[in-house]
Amino acid sequence: VSPESMAEPVHYFDLAYSEAFAEIFKIESCLKGALARDEFYLLYQPIFSLSTGQMTGVEALLRWRCSELGQVSPEQFIPLAEQSGLILPIGRWVREEVCRQLQTWYSAPGWDITVAVNVSPAELVQPTFSEELLSRLAFAQVPEKLLRIEITEHSLVQDNEAVEHNLARLRAHNIEINIDDFGTGYSSLSYLRRVPVSSLKIDRSFIDGLPTSEDGATITRTIIEMAKALGLEQVAEGIEKSEQLTFLHGHHCAYGQGFLLSRPLPPEQIPALRAQEGFNWYRIRDQR
Ligand code: C2E
Ligand code: MG
Ligand code: MG
Ligand code: MG
């Protein structure tokens, strides 16, 4: 029997497909041993108040330097970790590391910078998620309000009891909840009434075309206004150009994050940046 006469999958099994598949398979098999080989580390991207220019928080971003494949981006490995369940031990490692880092930073007097951690839907449905996080924070002896979590709309589409329990429990302990990539998930906003959300992070895809893209501008303005009307903070993600910053500042968006303001940085560089007066608004504006 020649391969062609077999079933249709052969038809799709072209070279590009098989190479892509082999690549994914390779990444996945490396990912399995990555924790044991200590190949993960975190970078922290500063978040600034757009009114004062002051750094007010950071977002912890996971990095993987694979001994075989080199640097692999989270956009590649996070979805694989989510599918395979490896996100559970990896996520625990992230939060342990963040708590350790917070403990170090907090030992300096007057530390008030918050750290936001990304949490996948598969983690948030674990009934023990909030307990584990709270006991980790207690162990590190840092104020609970210094930690925030970032979840996407995907975590909130179906009302899941465990998700709502975890979020309510965290919120009761002053851990604030950011909705990440806001506007790219599902269009139902009813969860905003159900879930104790503190802040909306406007997805980078809307910021991207500012100020020339009319749609981007309208959507951004609308999200800022809606967030304010609901008493939520607004954070613009992915600010790369001074025109974008000018637009956001002009529309009174409270906070911003993006390569223009700061790249994700190793933790050692954060305290010095915090000690500065903030990003130099005028320098950025005049650099056009
Ligand atoms: P996210 O949570 O929306 O994080 C923001 C992403 O935008 C980061 O990508 C950051 O490096 C990137 N970014 C920030 N400013 C700019 C900019 O001005 N321009 C552009 N083009 N990009 C910018 P990164 O670090 O590659 O992470 C990608 C995604 O992977 C994250 O998106 C998040 O969904 C996920 N992720 C990262 N770390 C973790 C983690 O510890 N746990 C989980 N579950 N997911 C994570
Ligand atoms: Mg995030
Ligand atoms: Mg985001
Ligand atoms: Mg994202």
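Order of listing sets the numbers, starting from 1, for every ligand and every atom in it. Computation of the quantities below employed the complete heavy-atom set of this structure, encompassing side-chain atoms and omitting hydrogens, waters and symmetry-equivalent molecules.
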Heavy-atom side-chain proximity of Glu132 to Gln126 below 4.5 angstrom:
no
At under 4.0 Å between heavy atoms, what of Ile239 touches ligand 1? The answer is backbone
query: With no hydrogens and no angle check, is any side-chain donor or acceptor of Glu144 less than 3.5 Å from a backbone partner on Asn174?
result: no
message: Could you check whether any heavy atom of Gly91 sits closer than 4.0 Å to an atom of ligand 1, since that is the contact criterion I want to use?
response: no
One finds that the ligand 1 atoms under 4.0 Å from a non-hydrogen atom of Gln45 are 14 (C), 15 (N)
So for Arg63 against ligand 1, with non-hydrogen atoms under 4.0 Å, the contacting part is side chain
Do Ile270 and Trp105 come within less than 4.5 Å of each other through their side chains, counting heavy atoms only?
yes
Taking backbone and side chain together, does Glu150 place any N/O/S atom at a distance below 2.8 Å from the Mg ion (ligand 3)? no
- Message: For a 4.5 angstrom cut-off between non-hydrogen side-chain atoms, does Leu62 reach Phe77?
- Response: yes
On a heavy-atom basis, the closest approach of Gln257 and Pro46 is CG-O, 3.8 Å
Restricting Glu59 to its N/O/S atoms, the closest one to the Mg ion (ligand 2) is OE2
The atom of Asp180 among N, O or S that is nearest the Mg ion (ligand 3) is OD1
Atoms of ligand 1 under 4.0 Å from any heavy atom of Glu240, numbered from 1 in the order shown, are 17 (C), 18 (O), 19 (N), 20 (C), 21 (N)
- prompt: Are Arg100 and Glu97 within salt-bridge range, i.e. N to O under 4.0 Å?
  reply: yes
Checklist entry - Considering distance alone, does some N or O of Glu82 sit under 3.5 Å from an N or O of ligand 1? => result no
Atom name of the N, O or S atom of Glu237 nearest to the Mg ion (ligand 3) is OE2
So for Ser73 against ligand 1, with non-hydrogen atoms under 4.0 Å, the contacting part is neither
Logged contact type for Ile78 with ligand 1, heavy-atom cut-off 4.0 Å, is side chain
Of Glu237, Lys201, Arg204, the residue with the heavy atom nearest atom 6 (C) of ligand 1 is Arg204
*With only distance considered, is Pro74 within less than 3.5 Å of ligand 1 through an N or O on each side?*
no
Numbered in order shown, the ligand 1 atoms found under 4.0 Å of a heavy atom of Pro264 are 11 (O)
Ligand 1 atoms nearer than 4.0 angstrom to some heavy atom of Ser120 are 44 (N)
key: Within-4.5 Å side-chain heavy-atom neighbours: Leu170 and Leu134   = yes
Problem - Residues Lys145 and Asp112 bridged, charged N to O under 4.0 Å - result: no
Worksheet item: Is any N, O or S atom of Asn178 under 2.8 Å away from the Mg ion (ligand 2)?
Response: no
Report yes if some N/O of Leu62 lies less than 3.5 Å from some N/O of ligand 1; otherwise report no.
yes
field: NZ/NE/NH1/NH2 to OD/OE distance under 4.0 Å, Arg37 and Glu39
entry: yes
Could a heavy atom of Arg263 be found less than 4.0 Å from some atom of ligand 1?
no
Metal site the Mg ion (ligand 3): N/O/S of Asp181 inside 2.8 Å
yes
At under 4.0 Å between heavy atoms, what of Val94 touches ligand 1? The answer is side chain
For Leu42 and Pro267, the nearest pair of non-hydrogen atoms, with its separation, is O-CD, 3.9 Å
(message) Closer than 4.0 angstrom, basic N to acidic O: yes or no for Glu68 and Lys26?
(response) yes
Checking heavy atoms under 4.0 Å, the part of Gln257 that sits near ligand 1 is neither
Please check if any side-chain donor atom of Ser199 sits under 3.5 Å from a side-chain acceptor atom of Glu176, or the reverse. no
Side chains of Glu59 and Asn118: donor-acceptor distance under 3.5 Å anywhere?
yes
